[in-house]
Number of protein chains: 2
Amino acid sequence: MKQQGKKKATIYDLSILSGCSASTVSAVLNGTWRKRRIKESTAELIQNLAEQHQYTANLQARGLRSSRSGLVGLLLPVHDNRYFSSMAQTFEAQVRSHGKCPVVVSASRDPQEELATVETLISYSIDELFIAGATDPDSVHGLCEAAGIRHINIDLPGTKAPSVISDNYQGARMLTQAIIKRFDDAAAPLKPEELFLFGGRNDHASRERIKGFRDIKRELLDHDSDACIQPTGYSPDMTQKAFEAFYEREGKLPRGLFINSSINFEGLLRFMAQHPHETFADIVVGCYDYDPFGSFLPFPVIMIRQDTESMLAKAFELIEETRPAVKIHLIQPELVHPRTALKGPLDSIRDIDA
Amino acid sequence: MKQQGKKKATIYDLSILSGCSASTVSAVLNGTWRKRRIKESTAELIQNLAEQHQYTANLQARGLRSSRSGLVGLLLPVHDNRYFSSMAQTFEAQVRSHGKCPVVVSASRDPQEELATVETLISYSIDELFIAGATDPDSVHGLCEAAGIRHINIDLPGTKAPSVISDNYQGARMLTQAIIKRFDDAAAPLKPEELFLFGGRNDHASRERIKGFRDIKRELLDHDSDACIQPTGYSPDMTQKAFEAFYEREGKLPRGLFINSSINFEGLLRFMAQHPHETFADIVVGCYDYDPFGSFLPFPVIMIRQDTESMLAKAFELIEETRPAVKIHLIQPELVHPRTALKGPLDSIRDIDA
DNA sequence: CTTTTTTGCACAATCGATGGTGCAAATAAT
DNA sequence: ATTATTTGCACCATCGATTGTGCAAAAAAG
């Protein structure tokens, strides 16, 4: 009964085999047959034939006709990082549970690439788009708007579509505070000029985090200075260079380090590879983003875990509203103490056999 | 000139606006117009109109007609792990450089889900499929074969389609050897019963790695035992339980640990969270998979970095052959010494501004 | 045994793009 | 001035599904 190497069966094939019209076959197979008052026995006949011939609908044809595809897109800056890959994992699970097909693509934080990618997705009539960390969410909004595609910003907000983001300001406050607290019963308490922020650039998230960092620093250490802020972009290499430069200048690292993202943290790793253990004997790192391995490094690493589950859940909720308000929804992130291995989306995957 | 909120322009719209037929418009816009001997001036006229009205082709319609979509799929077991997310990143770059649109989906290492996902991809007429770590590559092959879709196995081999995988046997040998060597100038050399393998299951990769592990152990330590092999599946939780059980029984961890994948390594992290630093004072870990953060843990971690770049490059090469031989291509992985921060696909992304 | 209602399905237009075919008009050859 | 070529484009069927409409036959009502 299997068709080896042949073309896929279409409703027309089944139409001939069953003696019914193609429209009847279509109705039976897409579930609208009761509405169309098709006899139960006819439906069964066709369903059996469909199974025997391994019929599956051509979703391009269906999409073309109904101008909906069943695809839901997630636009990511990059894959290769625990924050985003874990978001992708959660996204997939949630989309599937809604009976749709998830599609994840990355655009390398490149505005051009972002727009081009979204254009492509739109040309495939994706039904909904989740825009995570777009450099220019409002342009992306323009495209979606014009195409009538429901969309929502995640992680980085836009001004024209609803956004669900981490409370970066609060998160940064928590993190900065935790770094400082960590020195409470150290031999020498942390001096204000020993607490630096590295990484990030001029995006909403970085700005908020920097604000939180400064505010806490002012409140707890009564100190504020631009010199303590080193935005190095989102590149491991630039971050490494910044650390090297600092080390060259000062002969040591700052004892308190606020690192803007796990990507920047990789810059610190590169620096570490060049320097002996002792260089890091007395430092405390706070990293905005959680990475399980990062949490167990040889020095205390405090991390912020952004709640991608809640963010996505909220986003799904909003995207289903008919006319969601264009506002920013803040999701509280979580402070993760050193040496903590949190569960992740992988844990909900059942692992058959062994 | 912008169309706000309106429907997207089609070739028919442009056909009316230009006074040409739809087929002429089509030819001009898909680049076949010279072949069709369309006047240059006509082409320009239409191209201008297209730009003014922001025309982009409906790719579902094109795909329906030409039964090719321009989509290239990558089927992943999971996203949330550096090995696979880095593969996704590399994949994206390579597919884009071929002028196609990458689509990454995960199937949770669930055979049912895998088949369903591939069915869906096929229904969208994807042009090519890269199957990474499928639990049942040969069934997936069946679907692709029937639909006439070029496909190739990565990471885990199948018997019916060409496969590109890591040389897991050699990798495991290298890794095991490196672990043993690491104890050469230790106070007490590593005893055979102190070297254990944790993680993995009954898949090709695990079997090969176990084989390599055993062979080296026999060669260098003249010892072989089933007790030293603890396949715990690909679940952090199961792995943690295995460590806990071992610790409960022996009062300590094995000094030499071969961990089958970074996912299993996360099980060790969970164990670590429950136990003080001293527990790990004397151990050496070898992990099959590279994770930059994992490389800097407080004890020596030797890692194997699988060469996803080469694997994908080879896979692309093969998938373009008309009739690629059904054989397994081995790609050599790389041994990564402790405290090493390698560059990754993210490094080729230019980071604009700061 | 009519008339009305319900049941069960077929027909045909449509979604947007592609590509084979054919045919005038323009140009070149004789 | 005629015939042969070439140029430039229009026409139309097609890909596979969806959906509004219409119409027989069967069942129910009278």
Side-chain angles (χ1 to χ4, degrees), chain A residues 6-46 50 53-71 119-120 122-127 147-148, chain B residues 6-46 50 53-70 119-120 122-125 127 147-148:
Chain A
K6 310 228 174 169
K7 307 277 170 198
K8 288 191 48 171
T10 71
I11 54 170
Y12 298 99
D13 301 331
L14 298 182
S15 152
I16 292 169
L17 289 166
S18 67
C20 301
S21 75
S23 60
T24 300
V25 175
S26 169
V28 167
L29 295 173
N30 68 26
T32 59
W33 58 280
R34 289 182 187 285
K35 205 179 313 173
R36 279 181 162 270
R37 299 183 319 223
I38 308 287
K39 223 196 300 180
E40 183 119 15
S41 63
T42 310
E44 277 174 21
L45 167 66
I46 292 175
H53 295 267
Q54 309 192 111
Y55 170 84
T56 51
N58 178 321
L59 298 180
Q60 300 210 67
R62 171 180 293 169
L64 175 58
R65 182 59 233 252
S66 52
S67 63
R68 302 180 349 90
S69 64
L71 297 174
E119 285 268 15
T120 307
I122 288 176
S123 311
Y124 283 110
S125 308
I126 61 163
D127 298 338
Chain B
K6 310 228 170 167
K7 306 278 170 196
K8 287 189 47 171
T10 71
I11 52 169
Y12 298 99
D13 301 331
L14 298 183
S15 151
I16 292 171
L17 288 166
S18 66
C20 302
S21 76
S23 61
T24 300
V25 175
S26 170
V28 167
L29 296 173
N30 68 25
T32 59
W33 57 280
R34 286 181 190 286
K35 203 178 316 172
R36 281 181 159 268
R37 299 184 320 223
I38 308 286
K39 222 195 304 179
E40 183 119 14
S41 63
T42 310
E44 276 174 22
L45 168 66
I46 292 175
H53 294 268
Q54 309 191 112
Y55 171 84
T56 52
N58 180 321
L59 299 179
Q60 300 210 69
R62 171 179 295 169
L64 174 58
R65 183 58 234 254
S66 53
S67 64
R68 303 181 347 93
S69 64
E119 285 267 15
T120 307
I122 289 176
S123 309
Y124 283 109
S125 309
D127 298 338

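In the text below, chain A, chain B and the rest are named by the order of the sequence lines, each starting its count at 1.
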task = Using only side-chain N and O atoms of N30(A), determine if any of them is under 4.0 Å from OP1 or OP2 of dT18(D).
result = yes
ask   = Starting at CD1 of I11(B) and ending at C1' of dT14(D), how long is that distance when rounded to a whole Å?
value = 13 Å
message = Distance check needed: dT18(D) C1' versus K35(A) NZ, whole Å only.
response = 11 Å
query = Among dA10(D), dG16(C), dC9(D), which is the nearest nucleotide to the side chain of L64(A)?
reply = dG16(C)
inquiry  = If I take atom OH in residue Y12(A) and atom P in nucleotide dA17(D), what distance separates them, rounded to the nearest angstrom?
reply    = 7 Å
message = Under 4.0 Å, counting only non-hydrogen atoms across every strand here, what does R37(B) touch: a base, just sugar-phosphate, or nothing?
response = base
query = Starting at CD of Q60(B) and ending at C1' of dG16(D), how long is that distance when rounded to a whole Å?
reply = 12 Å
ask   = Of all the choices, dC12(D), dG8(C), dA17(D), which nucleotide is nearest to the side chain of K39(A) once you look at every atom?
value = dG8(C)
Residue closer to the 5' end of DNA chain C, A22(B) versus E40(A) (nearest nucleotide) = E40(A)
query = Separation of R36(A) atom CZ from dC11(C) atom C1', in whole Å?
reply = 11 Å
query = Think Y124(A) has a side-chain N or O under 4.0 angstrom from the OP1 or OP2 of dG16(C)?
reply = no
request  = Show your working on side-chain contact (heavy atoms from CB on, under 4.5 Å) between T24(B) and I46(B) and close with a plain yes or no.
outcome  = CA-CA 9 Å; T24(B) 300; I46(B) 292 175; 4.0 Å; yes
ask   = For dA10(C), does either OP1 or OP2 sit under 4.0 Å from a side-chain N or O belonging to S21(A)?
value = yes
Side chain proximity check, V25(B) to Y12(B), heavy atoms < 4.5 angstrom = no
inquiry  = Taking K35(A)'s backbone N and O only, do any of them form a donor-acceptor pair with T32(A)'s side chain (distance below 3.5 Å, no angle check)?
reply    = no
request  = Would you confirm whether S125(B), through its side chain, and S69(B), through its main-chain N or O, come within 3.5 Å as a donor-acceptor pair?
outcome  = no
query = So, does S123(B) use its side chain to make a donor-acceptor pair with the main chain of N58(A) at under 3.5 Å?
reply = no
task = Report the distance from atom CG of N58(A) to atom P of dC15(C), rounded to the nearest whole Å.
result = 18 Å
message = Looking at dC15(C), I'd like to know if its phosphate oxygens (OP1 or OP2) sit under 4.0 Å from a side-chain N or O belonging to S67(A).
response = no
message = Output the rounded distance in Å from CG (L14(B)) to C1' (dA17(C)).
response = 12 Å
remark   = I46(B) CD1 to dA17(C) P, in whole Å, measures 13 Å
query = Which is true for S23(A) with a 4.0 Å heavy-atom rule: it touches a base, it touches only sugar-phosphate, or it touches nothing?
reply = base
note = Winner on side-chain proximity to R65(A), out of dC9(D), dT18(D), dG16(D), is dT18(D)
task = Looking at every strand, decide which applies to T42(A) at a 4.0 Å heavy-atom threshold: base, sugar-phosphate, or nothing.
result = sugar-phosphate
Proximal nucleotide (of dA10(D), dC9(C), dA17(D)) relative to the R62(A) side chain = dA17(D)
query = Side chain of S26(A): nearest nucleotide among dA10(C), dG16(C), dT18(D)?
reply = dT18(D)
message = Do V28(A) and I38(A) make a side-chain contact, defined as non-hydrogen atoms from C-beta onward lying under 4.5 Å apart?
response = yes
